[in-house]
Amino acid sequence: MSSALLADLRARGLVFQVAGEDELPAWLDGGCRTLYCGFDPTADSLHIGSLVPLLMLRRFQDAGHRPLALVGGATGLIGDPSFKAQERQLNTPEVVSGWVEKLKAQVSRFIDFEGGENAAEVVNNLDWTANVDVLTFLRDVGKHFSVNAMIQKESVKQRLEREGAGISFTEFTYMILQSYDFSELNRRYGCSLQIGGSDQWGNITGGIDLTRRVNGEKVFGLTMPLITKADGTKFGKTESGTIWLDAARTSPYAFYQFWLNTADADVYRFLKYFTFLPVEEIDALERADAERAGRPEAQSVLAREVTRLVHGEAGLDAAQRITQALFSGELDELSADDFAQLRQDGLPASTIKVAELPETLTQVLVEAGMAASGKQVKDALGRNAVLVNNRALGWEDNAVPAAAFTAERALHGSYFLTRLGKKKYHLFELG
RNA sequence: GGAGGGGUUCCCGAGUGGCCAAAGGGAUCAGACUGUAAAUCUGACGCGAAAGCUUCGGUGGUUCGAAUCCACCCCCCUCCA
């Protein structure tokens, strides 16, 4: 069953490096194995960069293995230097522990805690590091690490070699801490496989070595590739910032839109990375899209599947409802309830009072966050790119914003769906 | 500690007394085309509706006028010790 899992992962392009490659398939086939992946609290939410490893845990669980999601209450206090150009600012223990709680909840949505021997578990490495004293740690753990080997790791090389950079002892120790996690999880849970992004290779192999030395156990490691985009830009960022998994930071609607805007050159690869759809199905979709000229279907499948995974059926409904309402152009068909719902669903919105409007339209839209500066609004007005309830406004309307937001022009007496350009929407409600 | 080079608008990078809100490229925003794509073309791109206001590491100074000259200070890089 599990060599089938590995074959599927490879078909999806999800396997980058494997430690113990020859023995891993047989080991996985031999029964329910325990594996783990760590997530450090560097913010109060994970972003889509963590999605691949999260789904990976799920893939293993679906294949009959037991996933442990480790939240780094301890490692988060130190900071991983891997491939980071600069030393990072330390966060206070209070802040980190607050983030740990958030991440625990977030991570939990992707794996199943019910059921038998392969029920998932969330663990926190602070549990086994908080009470270890320095001398014990140095003697029992530190002694197994060769600094000579540690400074050879590619992940810290630029920090050691580059002029002007540097690495504190604190961050340099990170690898030891993470290695200790693996050996402890091996001891406590029989964990025998660690997975992570390709940047974690050095930390993972460190843990494998330590586990062999202190527990005499042979354990495995597997990394996933860095997600790249065909145009060379960084995955997971948009003009407006990072795409987070937390609905409070990135609304399900914005999340859905992010995936819907995936480039053709990336979409089939992403379907393999980010969904559980069978590879054959994805290949079939690609062929169908290629035969049918015009708009491919893949993006909407991707957006649907990933939004459902992260935000659930209700989040997906909200995202699709907003998308449908905005991009169909049929505003007349929306009821007052629908507008209230859109606002509820995360469509950017604000309440305005005609008497308190600023002097110009540019100010109104900038304050609503639709544009970065008045110049952009001015440009858009000059090109008929500002629409209020589907009516274009011009530069001549700029000085009289009140005229654009009169009750007579409002939908259902109070709503103004305002569009700037093709994709930026904001709902103004008379208050 | 010594010698030299450098810090320019989001990024890279020109600019060495007025014609500089500052070349060029990238990013970004908007328009055309289209599929809410890609590529391409066009426009905008310090802030401001405008009048105007504020920028070129910092602080002072010279000058009718400074990103450009002077003094001191801070930071970065290269070489030497």
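Quick note on labels: first sequence line is chain A, next is B, and so on, each numbered from 1.
Here B:C10 presents its C1' atom at 13 Å from CD of A:Gln376, a figure rounded to the nearest Å. Atom CG of A:Leu420 is separated from atom P of B:A44 by 17 Å (rounded to the nearest Å). Between the CD atom of A:Gln324 and the P atom of B:U36 there is a distance of 12 Å, rounded to whole Å. Atom P of nucleotide B:U36 and atom CD1 of A:Ile322 are separated by 18 Å, given to the nearest angstrom. As rounded to whole Å, 10 Å separates atom P of B:U36 from atom CG of A:Asn261. B:A32 atom C1' lies 13 Å from atom CG of A:Asn384, rounded to whole Å. Between the CG atom of A:Leu393 and the C1' atom of B:A30 there is a distance of 15 Å, given to the nearest Å.
Among the protein residues, A:Thr323 comes within range of the nucleic acid bases, having at least one heavy atom under 4.0 Å from a base atom. Among the heavy atoms of the strands lying under 4.0 Å from A:Thr360 is at least one base atom, whether or not backbone atoms are also near. Contact annotation for A:Leu361: no contact, since no heavy-atom pair falls under 4.0 Å across all strands. At the heavy-atom level, A:Asp264 lies under 4.0 Å from base atoms of the strands shown. The residue A:Ala385 sits close only to the backbone: its heavy atoms come under 4.0 Å of sugar-phosphate atoms, none of a base.
Distance from the side chain of A:Asn398 is smallest for B:A49 among the nucleotides B:A49, B:U42, B:G35. Minimum atom distance to the side chain of A:Asp379 is reached by B:G43, of the listed B:G48, B:A37, B:G43. Counting only heavy atoms from C-beta on, A:Arg383 has its side chain closest to B:G31 among B:G31, B:U36, B:C47. Comparing B:G48, B:A30, B:U36 against the side chain of A:Lys375 picks out B:G48 as the nearest. Here the nucleotide nearest the side chain of A:Lys422, chosen from B:U36, B:C29, B:U34, is B:U34. Checking B:G35, B:A49, B:A30 against every side-chain atom of A:Lys424, the shortest atom distance belongs to B:A30. The side chain of A:Leu260 approaches B:U36 more closely than any other nucleotide in the set B:U42, B:A49, B:U36.
In this structure, B:U63 forms no base pair with any nucleotide, since neither Watson-Crick nor G-U wobble geometry is met with both distances under 3.5 Å. Pairing for B:G1 goes to B:C80, judged as Watson-Crick or G-U wobble with the two contacts each under 3.5 Å. If you check B:G24 for Watson-Crick or wobble pairing at under 3.5 angstrom, you find it paired to B:C12. In this structure, B:U54 makes no Watson-Crick or G-U wobble pair, since no nucleotide meets both defining distances under 3.5 angstrom. Across the strands present, B:A32 finds its partner in B:U40; the criterion is a Watson-Crick or G-U wobble pair with both atom distances under 3.5 angstrom.
A distance-only check finds no donor-acceptor pair linking the side chain of A:Asp246 to the backbone of A:Ser45 [under 3.5 Å]. Side-chain atoms of A:Ser155 do not come within 3.5 Å of backbone N or O of A:Ser82 as any donor-acceptor pair.
Between B:A37 and A:Lys423, a contact under 4.0 Å exists linking OP1 or OP2 to a side-chain N or O. Using a 4.0 Å cut-off, some side-chain N or O of A:Gln363 falls inside it from OP1 or OP2 of B:A49. A sub-4.0 Å separation between OP1 or OP2 of B:G48 and a side-chain N or O of A:Lys378 is absent.
One P atom belongs to B:G5, the other to B:C70, and the distance between them is 13 Å to the nearest Å. Taking atom C1' in both B:U68 and B:A27, the straight-line distance is 28 Å, to the nearest Å. Nucleotides B:A14 and B:G7 are separated by 8 Å at their P atoms, to the nearest Å. Taking the C1' atoms as reference points, B:C56 lies 8 Å from B:A22, given to the whole Å. To the nearest whole angstrom, the two C1' atoms, one in B:U9 and one in B:G15, are 13 Å apart. Taking atom P on both nucleotides, B:A23 is separated from B:G35 by 37 Å, rounded to a whole Å. Taking atom C1' on both B:G18 and B:A67, the two are 13 Å apart, rounded to the nearest angstrom. B:G60 and B:U54 have their P atoms separated by 15 Å, given to the nearest Å.
Under the 3.5 Å distance criterion, with hydrogens and angles disregarded, no donor-acceptor pair is assigned to the side chains of A:Thr262 and A:Gln299. For the residue pair A:Gln194/A:Tyr36, the side-chain donor-acceptor check at 3.5 Å is satisfied.
Ionic pairing of A:Arg269 and A:Asp266 is present here: one or more N-O contacts between side-chain nitrogen and carboxylate oxygen are shorter than 4.0 angstrom. Electrostatic pairing of A:Lys375 and A:Asp379 does not count as a salt bridge here, judged by no charged N lying under 4.0 Å from a carboxylate O. Salt-bridge annotation for A:Asp283 and A:Arg287: absent, with no side-chain N of the basic residue lying under 4.0 Å from a carboxylate O of the acidic one.
Exactly one of A:Leu302, A:Leu271, A:Val310 qualifies for a side chain to side chain contact (heavy atoms under 4.5 Å, CB included) with A:Trp259. That residue is A:Leu302.
Between A:Thr262 and A:Trp395, the residue anchored closer to the 5' end of RNA chain B is A:Thr262, taking for each the nucleotide with the nearest heavy atom.
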